[in-house]
Q: 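One structure follows; several queries about it will come next.
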Protein chains: 2
Amino acid sequence: MKAAEPIVFVVDDDASVCKALDRLIRSVGLKAETFPSAKDFLRREPHNGPSCLVLDIRMPGLSGLDLQRELAAKDYSIPIIFITGHGDIPMSVQAMKAGAVDFLPKPFSDQELLDAIHAALEKDTLAREERAELSNIQRRIGSLTPREHEVFVRVVTGMLNKQIAWELGASEKTIKVHRARVMEKMGVQSVAELVHLAEKAGIPTPKV
Amino acid sequence: MKAAEPIVFVVDDDASVCKALDRLIRSVGLKAETFPSAKDFLRREPHNGPSCLVLDIRMPGLSGLDLQRELAAKDYSIPIIFITGHGDIPMSVQAMKAGAVDFLPKPFSDQELLDAIHAALEKDTLAREERAELSNIQRRIGSLTPREHEVFVRVVTGMLNKQIAWELGASEKTIKVHRARVMEKMGVQSVAELVHLAEKAGIPTPKV
DNA sequence: ACCTCCATTGGACTAAGGTCCAATTTACAC
DNA sequence: GTGTAAATTGGACCTTAGTCCAATGGAGGT
């Protein structure tokens, strides 16, 4: 599948704001989608490509901060740029602590928002690559049988075949077979590469 | 050397604020040091133990944000809690983007500041452990001779001795010797552990 | 019943890594 | 010049890992 087009999502209960931002964003050649409420945005299926979210803080129903929490809870990672007409410092600090990329009090210039959007899309692009690689690794790990997985985690901590065999109550020969399958399924040629993948997948490596 | 005591640094040009914060911080059993200006703080040698910085934004001479930049530039990593009487949202956002742990507009409650301080000290404690481990690893890497280092970086990418030998124009035998020294100097028993250390030190591991 | 996947193990080898002992050459500092 | 550290290489040998071929037994699905 080809790389999906970047999209800028806008969530604001004020239709005129949505319309203005939509026009601004399209004026620089980016695709935009606007939503009148957090719930409407949540109904849209996640976009398969770089995206970011321009989010009003104050809205009826779910507020912008609520939506941020909601998205974090469901592991829907997307860079958020907050905009607000009546924000205060604690609110901005809370939003930034929760990972927002920017927080723009109205009035802001077109350029300020566009700069923030480009930074956010750039950030999301990198984050997506990271996630894609990670899910690729985890897919491979998922293809391991239970026994292979047991061998895998021990190999990446530097255990010898004989040690693994003893710990798992099997013969060294059996471990060799599992180990070979692990290397093949994970698509690596060396222990170094295997450890490299394990680190990325967050699998405990040596104690140091 | 034993673990150094945590210290909370306070930088504020208002002597009465310094005094009040000093009393507050000491009241919960923490050590405090106050400075009337950023320059005074910069003159103090870095503390060898957990610490954090409570920093006023608006000051004559170097401002709080200036000091934050200054510290970042000289790699002096310390969690910063900003306090201010006349801050605005963009200022707080900038500070948070630059890594501040909190940003408290006056008036704030004693508890708010103390909570922030405890969080900051906790964060610094973890960061210090990270840095200590990293510098320990880098010290060991630094003890490698140039040739050993060349072998090291190739081993952690999964190259075979014979491949390394060919690439470095030496015999496989020589590589074995260097490799053995690398393992010894780095204090590891297995390639897995070696790769683990290399990852932490940011040394390029396999492409994959 | 039959088939597939998983787990196991053996034998026979090949290849790769590691160890011990020993020796040479070069560069640089005292 | 002498000494030290670094880089090199050989030989002999042992330990580990990996490969090819072959085979058995159990669990679960068709």
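No hydrogens, no waters, no symmetry mates; every other heavy atom, side chains included, goes into these values. Below, chain A is the first sequence line, B the second, and so on; all start at residue 1.
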Q: Report yes if a side-chain nitrogen or oxygen of Asn161(A) is closer than 4.0 Å to either non-bridging phosphate oxygen (OP1 or OP2) of dT16(D); otherwise report no.
A: no

Q: Please report, rounded to the nearest Å, how far the P atom of dG18(C) is from the CG atom of Leu194(B).
A: 10 Å

Q: Just wondering, are more than 12 heavy atoms of other shown residues or ligands nearer than 6.0 Å to NZ in Lys185(B)?
A: yes

Q: Side chain of Glu172(A), heavy atoms from C-beta onward: which of dG17(C), dA7(D), dA17(D) has the nearest atom to it?
A: dA17(D)

Q: If you compare every side-chain N and O of Lys162(A) against the phosphate oxygens of dT15(D) (OP1, OP2), does one of them come in below 4.0 Å?
A: no

Q: Looking only at the side chain of Ala180(A) (C-beta and beyond, no hydrogens), which of the listed nucleotides dA17(D), dA7(C), dT19(D) gets closest?
A: dT19(D)

Q: Between the base of dT15(D) and the side chain of Lys176(B), is there a donor and acceptor pair under 3.5 angstrom?
A: no

Q: Is Thr174(B) touching bases, backbone alone, or none of the nucleic acid, heavy atoms closer than 4.0 Å?
A: base

Q: Assign Ser171(A) to base, sugar-phosphate, or nothing according to its heavy-atom contacts below 4.0 angstrom with the strands shown.
A: sugar-phosphate

Q: Rounded to the Å, how far apart are Arg154(A) CZ and dA17(D) P?
A: 15 Å

Q: Return the 5'-most residue of the pair Met183(B), Ser143(A) with respect to DNA chain C, ranking by each residue's nearest nucleotide.
A: Ser143(A)

Q: Take the protein atom NZ of Lys173(B) and the nucleotide atom C1' of dC20(C), then report the distance between them rounded to whole Å.
A: 8 Å

Q: Go through the side-chain N and O atoms of Ser77(B) and Arg131(B) and say whether any donor and acceptor fall under 3.5 Å apart.
A: yes

Q: Does the plane of the ring in Phe41(B) sit parallel, tilted or perpendicular to the ring in Phe35(B)? Use 30° and 60° as the thresholds.
A: perpendicular

Q: Rounded to whole Å, how long is the line connecting atom CG of Leu160(A) with atom C1' of dA17(D)?
A: 10 Å

Q: Could you give the CG-to-C1' distance, from Leu168(B) to dT9(D), as a whole number of Å?
A: 15 Å

Q: Expressed as a whole number of angstroms, how long is the span from Arg147(A):CZ to dA27(D):C1'?
A: 16 Å

Q: Would one find more than 12 heavy atoms of other residues, nucleotides or ligands at under 6.0 Å from atom CD of Gln163(A)?
A: yes

Q: Ignoring backbone atoms, establish whether Thr145(A) has a side-chain N or O less than 4.0 Å from OP1 or OP2 of dA7(C).
A: yes

Q: Compute whether any side-chain donor of one residue and acceptor of the other, for Gln138(B) and Ser135(B), lie under 3.5 angstrom apart.
A: no

Q: Would you classify Val177(B) as touching base, sugar-phosphate or nothing, given that sugar-phosphate means primed atoms plus P, OP1 and OP2, and contacts are heavy atoms under 4.0 Å?
A: base

Q: Take the protein atom CZ of Arg181(B) and the nucleotide atom C1' of dT19(C), then report the distance between them rounded to whole Å.
A: 13 Å

Q: Rounded to the nearest angstrom, tell me the gap between atom CZ in Arg179(B) and atom C1' in dC20(C).
A: 18 Å

